[in-house]
Amino acid sequence: MSQHSQKKKWQELAAKELKGKHTDSLNWETPEGILVKPIYTAEDLEGLDSVNTLSGIAPYMRGPTATMYANRPWTIRQYAGFATAKESNDFYRKNLAAGQTGLSVAFDLATHRGYDSDHPRVAGDVGKAGVAIDSVEDMKILFNQIPLDKVSVSMTMNGAVLPVLAGYIVAAEEQGVQQNQLAGTIQNDILKEYLTRNTYIYPPRSSMRIVSDIISYCSQNMPRYNTVSISGYHIMEAGADSVLQTAFTLADGKEYIRAAIDGGLKIDDFAPRLSFFFGVGMNFFMEIAMLRAARFLWHKIVSEFNPTNLRSAVLRTHVQTSGWSLTQQDPYNNIIRTTLEALAAVLGGTQSLHTNSFDEAVSLPTPLSARTARNTQIIIQEESQICHVVDPLGGSYYIESLTASIIREAQKIMDEIEQLGGMARAIETGMPKMRIEESAARRQARIDQGKDTIVGVNKYRVKDEVPMDVLEVPSSVRDEQINRIKQIKARRDNPAVQKALEKITNVAQKGGNLLAASIDAVRLRATVGEVSDAVEKVFGRYVATTRVISGAYASEYGDSEIIAALRKRVKLFFEKTGRRPRMLVTKMGQDGHDRGIKVVATAYADLGFDVDISPMFQTPEEAAKMAIENDVHLVGVSSLAAGHKTLVPQLIENLKKMGGEEIIVVVGGVIPPVDYDFLYSKGVQGIFGPGTAITESADKVLQLLEEKFLKVK
């Protein structure tokens, strides 16, 4: 029987089982707008020339190397950093002894933003969400007894990339390891910071100069080191679907190629050491197809620049499982989610992998959860027998067809970006950021309605949650770092340091290589903050314009009784008080993840609230002042990076000092339940943890407003 005849017979059987309904009712449209059919056959692959390829051969869809895991498994590279350099070093050495094969360093938010730990803006951020690094002395402790000529090191750093990379290089030198022996990756992907994570320091064009200088320096001095890791992970975490992640990530990569060539390099000088960093979520087959499509499209992009080295057009990638998909509710389900996401990354052909810990929706990972996450990879690698076959899903009718769909849809978006003048110009127009935020708002609306199932959150909920151990970073970490800074400054040759810092400023202004100048200063014990400030004197510190989309959340609901009821209450508040309920949504401290505040802001605006959204990186005093000046009824604080016990009480104290004691304060985000009573005792009136439906939080917020301003009980 032919393929066509078999398909027709299946359709007849399916229609019979559906009792006369058309088989089209089994079709599903993905969030990317790709139509997925219930059956695929060889007919769906007709005309797809890309299917008939092998791994290691252009366009590399089936893998960047010929033998893939059959020869060598992917690198287990767990992303981690714990408060102090010593704690992190202990963790790294234990993991290396237990089977981890590479390091991936997570820095704290103060370091990301180029502030030393003693800076007043980072009181709630030091040691949170990563390790605090203020100088090369911290970097030396971080890699103590870890042979940097043998262990590859990946560092997620973009804003303060100059002093951090310089610190790593100098720490290695003082360990006896030369620059040409170092292997690993510096993320150095500043464009995605303006799209999503927001841990930038300088304006976009100046930052591209830094990227180019690092590519140039490492190309000459560090042949084993990857100079840019082009990140789609944070684009995904901000709300992008797989097509948007693919298109925006590769468009970023194309912009870096142009910057390096404009800086005088040839494509083959640097392209073989460009790497990527993708995120994978729970749409299992879509994630597999995305990685395959990305390799195909990257080969096409690089080929435009006429490389002569075949490796220049090969996309190699690290992958991290999704943090956003993790839930506070029924958190042990997260182990299953991470396992599925890790399997998708492997079947998609990643070169290295980080698996998230099951408790990260609540707090920083504990040693137990971190070990479970690492062992997830080891079990897949060594027990599943998955490594014996190259691209085991290659040739699958569904996978190949889905891959072709992503290639087609992502190419449309990349063509649109090219018409705008490239990714840097597209970022200036706001197009990519707005697309991502719209995608995030629509996704949240689908979850809130139960259209997208999240087990334990909007379906199969558990009544009695099992409490988890929570890792808390003590405030003493900042005190330790400040003391270390004082000791370093007391022992070093301060006039020599000042001269080296002046040289950095001069290079920023007149030309030269900024990484080379930074290495000289770091050798003399200049701090991260001092090097960053020396560059800032010329480049300035970038302040983004905050904009909020409208209509996406409500339109996903359609004609909804819930939305109508909430809007009716907002209208009644207006009729009774003469004002719509006014709300300030703020994110204090140095955490730049803004998916939460953007989704909340757009959703509440769709419900009829007047919503002000603060600039990023506010201090509690600045947030309080803005709330008073804007005459808001309510402040909604978004917290993700464990600074809530410091920043939220300071906000409430500042509101009282400024005469805003009537303003209601609510908090949402990653907040351990064990901290709820503490926050309530400080004056917080509502707490909304991960997984809370927007409509549920809006109902509670309106209750608070009605009780306070309408005297409704």
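Atom set for the values below is all heavy atoms of this structure, side chains included, hydrogens, waters and symmetry mates excluded.
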Please tell me if the side chains of [X] and [Y] come closer than 4.5 Å, counting only heavy atoms from C-beta onward.
X      : Y      : value
Tyr233 : Glu237 : yes
Ser216 : Gln220 : yes
Val477 : Lys128 : no
Asn334 : Gln328 : no
Lys433 : Asp594 : yes
Leu326 : Phe358 : no
Asn513 : Val507 : no
His354 : Ser104 : no

Should [X] and [Y] count as an ion pair when the cut-off is N to O under 4.0 Å?
X      : Y      : value
Lys537 : Asp533 : no
Lys94  : Asp90  : no
Glu661 : Lys656 : no
Arg525 : Glu137 : yes

If you look at every heavy atom in Ala521 and Leu501, which pair is closest and at what distance?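 Heavy atoms only, the tightest pair is CB-CD2, 4.5 Å.
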
Give me the atom names and distance for the closest heavy-atom approach of Ala172 to Leu182.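 Smallest heavy-atom distance, with atoms named: CB-CD2, 3.6 Å.
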
Under 6.0 Å from the NZ atom of Lys489, do we count more than 12 heavy atoms belonging to anything else shown?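 Enclosed.
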
Are there more than 12 heavy atoms of other residues, nucleotides or ligands under 6.0 Å from atom CD of Glu621?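 No, the 6.0 Å shell around CD holds no more than 12 heavy atoms from other groups.
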
Validate the cation-pi geometry between Arg113 and Phe617: distance from NZ or CZ to the six-membered ring centre under 6.0 Å, angle to the ring axis within 45°.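 Yes, Arg113 lies over the aromatic ring of Phe617.
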
Check: [X]/[Y] side-chain N/O donor and acceptor closer than 3.5 Å:
X      : Y      : answer
Tyr194 : Ser207 : yes
Arg371 : Asn375 : no
His593 : Asn198 : no
Arg93  : Asn95  : no
Glu622 : Asn654 : no
Thr338 : Glu341 : no
Ser219 : Arg273 : yes
Asp108 : Thr111 : yes

Summary of salt bridge (charged side-chain N to carboxylate O under 4.0 Å, His left out) pairs that have at least one residue in residues 154-163, sequence neighbours excluded: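 Sorted result for residues 154-163: empty, none.
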
Could you pull out all residues at least two apart from [X] that satisfy side chain to side chain donor-acceptor pair (under 3.5 Å)?
X      : answer
Thr75  : none
Asp520 : Lys503, Arg523
Arg205 : Glu428
Glu480 : none

Looking only at atom types and distance, does a side-chain atom of [X] sit under 3.5 Å from a main-chain N or O of [Y], one as donor and one as acceptor?
X      : Y      : value
Ser681 : Phe678 : yes
Asp359 : Thr366 : yes
Thr227 : Ile214 : no
Asp675 : Ile671 : no
Arg478 : Ser117 : yes
Thr321 : Asn356 : yes
Ser206 : Pro203 : no
Ser88  : Thr84  : yes
Thr350 : Leu353 : no
Tyr256 : Leu191 : yes

Kindly list each side-chain donor-acceptor pair under 3.5 angstrom involving residues 139-155, sequence neighbours excluded, with atom names and distances?
unit_1: Lys140; atom_1: NZ; unit_2: Glu174; atom_2: OE1; d: 3.0
unit_1: Ser152; atom_1: OG; unit_2: Arg77; atom_2: NH1; d: 3.1
unit_1: Ser152; atom_1: OG; unit_2: Arg77; atom_2: NH2; d: 3.0

With rounding to the nearest 0.5 Å, note down the distance linking [atom1] in [X] to [atom2] in [Y].
X      : Y      : atom1 : atom2 : result
Gln351 : Thr317 : CD    : OG1   : 7.0 Å
Ser518 : Ile210 : OG    : CD1   : 8.0 Å
Ser532 : His112 : OG    : NE2   : 12.5 Å
Met616 : Met588 : CE    : CE    : 12.0 Å
Met157 : Phe107 : CE    : CZ    : 5.0 Å
Ile76  : Ser352 : CD1   : OG    : 10.5 Å

Sequence neighbours excluded, which residues qualify as side chain to side chain contact (heavy atoms under 4.5 Å, CB included) partners of [X]?
X      : result
Ala373 : Gln78, Thr355, Ser357
Asp116 : Asp118, Asp134, Ile485, Thr527, Val528
Gln178 : Asn180, Gln181
Ser614 : Leu584, Thr586, Gln618, Met626

Quick one: side chains of residues 158-168, donor-acceptor pairs under 3.5 Å with protein atoms, not counting sequence neighbours, listed by atom name and distance.
unit_1: Asn158; atom_1: OD1; unit_2: Asn188; atom_2: N; d: 3.2
unit_1: Asn158; atom_1: OD1; unit_2: Asp189; atom_2: N; d: 2.5
unit_1: Asn158; atom_1: ND2; unit_2: Gln187; atom_2: OE1; d: 2.8
unit_1: Asn158; atom_1: ND2; unit_2: Glu193; atom_2: OE2; d: 2.7

Partner set under ring-ring contact (aromatic ring centres under 6.0 Å, His included) for Tyr202, not counting sequence neighbours: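 Residues passing ring-ring contact (aromatic ring centres under 6.0 Å, His included) with Tyr202: Phe539.
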
Aromatic rings Phe276 and Phe278: how do their planes relate, parallel, tilted or perpendicular, breaks at 30° and 60°?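 Rings of Phe276 and Phe278: parallel, under 30°.
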
Report the relative orientation of the aromatic rings in His318 and Phe277; use parallel for angles under 30°, tilted for 30 to 60°, perpendicular for over 60°.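 Tilted, since the angle between the ring planes falls between 30° and 60°.
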
